[in-house]
Amino acid sequence: MWQPTKLELERLDKAERLRAMGVELYPARAGRSYRIAEAVQAFLKEEEQTQADGSDAPAPIEVTVAGRIRRLNSRGKVSFAHIEDESGRVQLFLRVNALGEGTYQQVRRKLIDVDDFVQASGEMMRTRAGEVSVSARELRLISKALTPLPVVKEQRRDDGSVIEYGEFKDVESRYRQRYADLAVNRSVRDVFVKRARTIKALRDFLDNEGMLEVETPILQPLYGGAAARPFVTHHNQLHQDLYLRISFELYLKRLLVGGYDAVYEIGRDFRNEGVSYKHNTEFTMLEFYKAYIDYAGVMDITERMFAYTAEQVTGSARINYQGEMIDLSPPWKRLSIREAVQETLGFDYMDYPCSQSLYGYLEGRGLADGLDPSDTWGRMIVEHLLGSLIEPRLIQPTIIKDYPRDMSPFAKRIQAGAAIRDEKERRFIDSHTERFEFFIAGMEMGNAFTELNDPRDQQDRFVEMKRLYADEADETTPLDEDYLNAMRYGMPPNGGFGSGVDRMVMLLTDQVSIRDVLLYPHLRAPAPTESDLRGQFMLDAAVRQLEVQLDLPLAGAKRKLALYLPAADVGVEFRMSNALEGALPQLQNMRRAFSGRLYVMTEERIYRVDDALEETDFAEFWQSLSQLSIAGE
RNA sequence: GGGCGCGUGGCGCAAUGGCAGCGCAGUUGACUUUUAAUCAAUUGGUUGCAGGUUCGAGUCCUGCCGCGCUCACCA
């Protein structure tokens with residue numbers, strides 16, 4: 001339960017004074033005739049008009065605006081405030097003469113304060129210093145803020161740049177209290193506007209491609225479609241474990257069997273893995289599947305989709321990311337993983353056709369650092385050669401295609417074109433699939449295939465994956481009989497695509513951490529503190545209708561006794577259980593200074609403080625208090 | 001999970017082992033065109049938590065909690 005800080009107590013006092021004056025702190029209705037930016041715009045337009053006409057003064061523009069006070073300073077009988085709504089800021093020019101003594105004093109004495117929401121009516125004007133303002137004739141509190149936001153002052157330079165003083169930048173506080181972060185940091189607000197635009201642009205693009213947006217289950221009896229560990233949950237009524245999806249793939253492809261030509265979904269995936277600057281436990285995924293195209297067709301769509309989205313969000317397909325100019329316009333560089341290795345590392349891995357020989361070669365060249373010799377051949381190529389050695393260099397958008405088969409259970413084999421020239425070529429075709437990933441700014445941005453639609457081949461792949469990765473059972477895709485069943489009815493040839501939308505937003509908003517493009521990134525629950533215990537106690541007491549008073553000063557005790565109950569002879573102190581033992585002497589000192597019974601409460605127990613700590617039953621404790629309380633009335 | 005770093009009033013930060021300080025915010029007062037307003041006075045601290053070393057700990061040691069970076073894991 002809330003325990004006001006000093007600053008909050010001051011605000012509570014102001015709120016109380018306002019209420020005593022008959023001011024409604026949280027009126028049900030507010031009104032405005034303009035968004036702030038539009039009011040300013042209207043005034044500027046009128047000014048321009050006036051100048052063009054050569055008339056004397058702009059016609060008066062009467063506005064009502066509403067927003068949060070972000071700055072307030074009083075110059076005696078006149079005060080200035082900046083209020084802000086989503087569209088922007090405007091200054092309020094507040095004079096005693098215009099507002100009347102009563103309302104003006106509320107501002108002057110800061111009963112109406114920074115962070116409060118107000119509604120103001122008056123004419124637009126310019127102050128002597130030239131700032132466009134609302135000359136307020138009426139000012140009305142529409143929501144009182146009890147907790148002050150972190151103070152950020154801004155100085156606007158002549159060149160339009162803004163210097164911030166006293167920023168709110170502690171990363172943890174910003175993520176945990178995102179509302180305060182957003183309220184104070186405009187640039188953070190802008191990121192999430194761009195995020196929304198990104199998703200809208202993707203939808204528009206895919207809709208225009210003739211794809212159907214669908215929704216598939218998040219809770220699934222079987223997970224699949226990617227190599228990742230799932231979260232497990234349980235349905236009580238059905239007595240069934242369910243998984244949170246790790247991908248949409250298998251459900252979306254079933255829909256092609258059902259007769260749709262192309263489907264897509266934008267939604268949340270959940271993966272039970274570590275977090276990093278580019279991984280969050282839940283993240284937004286885009287997948288689409290389109291019949292009658294292969295992975296080359298998907299490449300074309302991918303390039304156009306990224307360029308279109310960047311244009312919609314940033315105004316150009318050329319974007320700036322961490323100081324690098326990145327050009328998303330098609331066409332992108334396309335090369336096979338084999339070519340990429342040849343180009344970057346100067347050898348053909350097909351000359352080392354098994355994991356032992358490849359490892360031996362890499363070790364000889366000093367490139368085996370961090371490589372596990374027991375990995376499969378395909379994994380060495382994809383995760384080590386590509387992931388570790390090549391990926392960080394891929395700044396401009398690059399499509400890397402034709403992946404080893406043992407890493408790609410849902411992709412079709414490479415289709416042999418002309419006659420196979422030699423044995424090495426034959427081996428390459430046999431062991432690779434029509435899959436591509438694409439990389440931008442050194443980050444993997446997505447993954448796509450010519451989708452496997454041969455049910456018997458698919459079944460073999462499931463089995464093959466199980467065999468290859470037997471010791472990582474929970475990361476391989478379980479065999480999904482129903483999916484195979486669907487495929488046996490006939491699935492059109494198709495190309496599929498998956499991409500992490502959060503990473504795309506990072507790219508378009510120039511953010512290095514995925515947490516800065518998620519409103520509520522996953523954070524560990526903070527450890528409870530003594531003050532949390534206190535709050536919990538207050539809440540428990542409130543539920544039992546007990547009035548609890550705070551901070552009884554104790555003569556002789558170093559600390560104030562935190563709480564006591566109305567019976568006046570029962571005190572409660574709070575300690576984390578791991579700190580209890582060392583605190584005993586201190587508690588006993590407190591008990592000696594206190595005439596009643598003293599209890600100490602931990603996360604899960606309550607003790608009576610005596611020569612030793614005597615554990616007491618919670619229910620009994622509360623009951624004895626209730627009785628005292630009733631007796632006291 | 002491993003390594004490195006950080007944790008000091010509401011926010012941003014300081015303090016060779018020696019009186020816990022500064023700016024902003026807050027409070028009181030002055031000021032009818034200010035804008036990081038200004039001027040005068042002033043409140044506010046269990047230095048993340050717990051133990052230890054020491055005459056003395058924000059500072060050194062140990063453990064714990066949280067966050068960041070990084071490695072591992074992982075599309």
Side-chain angles (χ1 to χ4, degrees), chain A residues 5-11 13-14 70-82 89 91 93-98 104 108-110 113-115 125-131 133 135 147-157 162-176 180 184 225-229 246-247 269 271-279 281 283 285 370 372 382-383 386-387 391 407 437 439 443-447 472 475 498-500 503 512-513 515 523-531 558-560 575-583 586:
Chain A
T5 62
K6 295 252 163 30
L7 293 181
E8 288 168 334
L9 285 168
E10 264 155 14
R11 295 216 164 198
D13 180 56
K14 290 175 176 179
R70 295 306 309 278
R71 166 180 163 260
L72 176 64
N73 83 295
S74 171
R75 269 234 358 53
K77 298 257 170 22
V78 60
S79 298
F80 301 88
H82 277 132
R89 284 189 187 200
Q91 177 167 266
F93 181 55
L94 306 161
R95 293 163 63 227
V96 204
N97 316 36
Y104 185 74
R108 171 78 202 282
R109 298 299 158 200
K110 293 198 185 177
D113 210 346
V114 173
D115 301 328
M125 48 99 65
R126 261 185 206 276
T127 58
R128 202 173 286 166
E131 178 159 355
S133 307
S135 178
T147 306
L149 286 166
V151 179
V152 177
K153 287 194 167 191
E154 294 183 356
Q155 181 183 17
R156 265 172 293 180
R157 308 275 293 276
V162 174
I163 302 177
E164 291 192 340
Y165 296 87
E167 313 151 81
F168 179 50
K169 63 179 182 186
D170 178 74
V171 176
E172 184 182 351
S173 318
R174 282 183 44 232
Y175 293 157
R176 288 199 194 278
V184 159
R229 263 173 292 183
I246 59 172
S247 85
D269 270 345
R271 296 189 182 175
N272 206 338
E273 289 156 359
V275 298
S276 79
Y277 72 96
K278 51 181 177 178
H279 298 268
T281 47
F283 61 99
M285 189 75 180
D372 179 355
V382 174
E383 292 191 358
L386 178 63
E391 177 176 329
M407 292 293 291
E437 296 187 304
F439 300 84
M443 250 190 309
E444 182 204 324
M445 298 296 297
N447 186 18
E472 297 159 50
E475 283 183 40
S499 174
R503 290 187 185 173
V512 276
S513 171
R515 295 176 166 203
L523 297 178
R524 216 176 292 239
T529 61
E530 284 180 21
S531 142
K558 268 192 193 164
R559 292 170 43 152
K560 287 177 178 175
R575 285 302 139 90
M576 305 310 295
S577 52
N578 61 4
L580 199 55
E581 205 172 321
Q586 197 180 22

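As a basis for the values below, the full set of heavy atoms in this structure was taken, side chains included, without hydrogen atoms, waters or symmetry mates.
Comparing B:U54 with B:U59, their P atoms are spaced 16 Å from each other, to the whole Å. For B:C13 and B:G51, the P atoms lie 29 Å apart once the distance is rounded to whole Å. Spacing of P atoms, B:G58 relative to B:C71, comes out at 37 Å, to the nearest Å. Comparing B:G23 with B:C55, their P atoms are spaced 37 Å from each other, to the whole Å. B:C65 and B:A25 have their C1' atoms separated by 29 Å, with the value rounded to a whole Å. With both ends at atom P, the span from B:G48 to B:A57 equals 15 Å, rounded to whole Å. Comparing the C1' positions of B:C61 and B:C24 gives a spacing of 36 Å, expressed to the nearest Å. Taking atom P in both B:G7 and B:A14, the straight-line distance is 8 Å, to the nearest Å.
Remark: B:G1 base-pairs with B:C71. Criterion, Watson-Crick or G-U wobble with two distances under 3.5 Å. Summarising the base pairing, B:A20 is matched to no nucleotide, lacking a Watson-Crick or G-U wobble pair whose two defining distances lie under 3.5 Å. Across all strands shown, B:A40 forms a Watson-Crick or G-U wobble pair, both distances under 3.5 Å, with B:U28.
No side-chain heavy atom of A:Met285 sits under 4.5 Å from any side-chain heavy atom of A:Ser247. Side chains of A:Arg71 and A:Gln91 form a contact here, defined as non-hydrogen atoms less than 4.5 Å apart.
You'll find that the side chain of A:Arg176 is closest to B:G66, out of B:G10, B:U35, B:G66. Side chain of A:Asp113, nearest nucleotide from B:U27, B:U35, B:C74: B:U27. Comparing B:U35, B:G45, B:C24 against the side chain of A:His82 picks out B:U35 as the nearest. Nearest to the side chain of A:Arg229, among B:C73, B:C31, B:C24, sits B:C73. Proximity note for A:Arg95 (side chain, C-beta onward) versus B:U35, B:G66, B:U32: the nearest is B:U32. For A:Arg128, whose side chain is taken as the heavy atoms from C-beta onward, the closest listed nucleotide among B:U33, B:A25, B:U35 is B:U33. Listed candidates were B:U32, B:C73, B:U33. Nearest to the side chain of A:Lys77 is B:U32. Proximity note for A:Arg108 (side chain, C-beta onward) versus B:G26, B:C31, B:C73: the nearest is B:C31. The side chain of A:Asn73 lies closest to B:A37 when the candidates are B:A37, B:G26, B:C73. In the set B:C24, B:U34, B:G26, the nucleotide with an atom closest to the side chain of A:Leu7 is B:G26.
Under 4.0 angstrom from either OP1 or OP2 of B:G26 there lies no side-chain N or O belonging to A:Lys6. Under 4.0 angstrom from either OP1 or OP2 of B:U33 there lies at least one side-chain N or O belonging to A:Arg75. The side chain of A:Lys153 contributes no N or O atom lying less than 4.0 Å from OP1 or OP2 of B:C11.
Formation of a donor-acceptor pair under 3.5 Å by the A:Arg503 side chain with backbone atoms of A:Met445 is not found in this model.
Nucleotide B:G10 holds its C1' atom 11 Å from the CG atom of A:Leu149, rounded to whole Å. The CD atom of A:Glu10 sits 8 Å away from the P atom of B:U28 (whole-angstrom rounding). Atom OH of A:Tyr104 and atom C1' of B:U34 are 11 Å apart (whole Å). Note: CD (A:Glu383) to C1' (B:A72) measures 12 Å, nearest angstrom. Rounded to whole angstrom, the span from the NZ atom of A:Lys14 across to the P atom of B:G26 amounts to 7 Å.
Here A:Arg109 lies in heavy-atom contact (under 4.0 Å) with sugar-phosphate atoms only. Using a 4.0 Å heavy-atom cutoff across all strands shown, A:Arg89 reaches no nucleic acid atom at all. Residue contacts for A:Arg126: at a heavy-atom cut-off of 4.0 Å it reaches no nucleic acid atom on any strand shown. At the heavy-atom level, A:Glu437 lies under 4.0 Å from base atoms of the strands shown. Counting non-hydrogen atoms under 4.0 angstrom, A:Lys110 reaches the backbone sugars and phosphates but no base. When heavy atoms are screened at a 4.0 angstrom cut-off, A:Ser74 is found touching base atoms of the nucleic acid.
Residues A:Tyr175 and A:Val382 each lie close to RNA chain B; by heavy-atom proximity, the contact nearer the 5' end of the strand is made by A:Tyr175.
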Inset, instruction - Apply side-chain contact (heavy atoms from CB on, under 4.5 Å) to the pair A:Arg271 and A:Phe283, showing each step before the final yes or no. - result: CA-CA 8 Å; A:Arg271 296 189 182 175; A:Phe283 61 99; 3.6 Å; yes
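The base of B:U35 lies close enough to the side chain of A:Glu131 for a donor and an acceptor atom to sit less than 3.5 Å apart.
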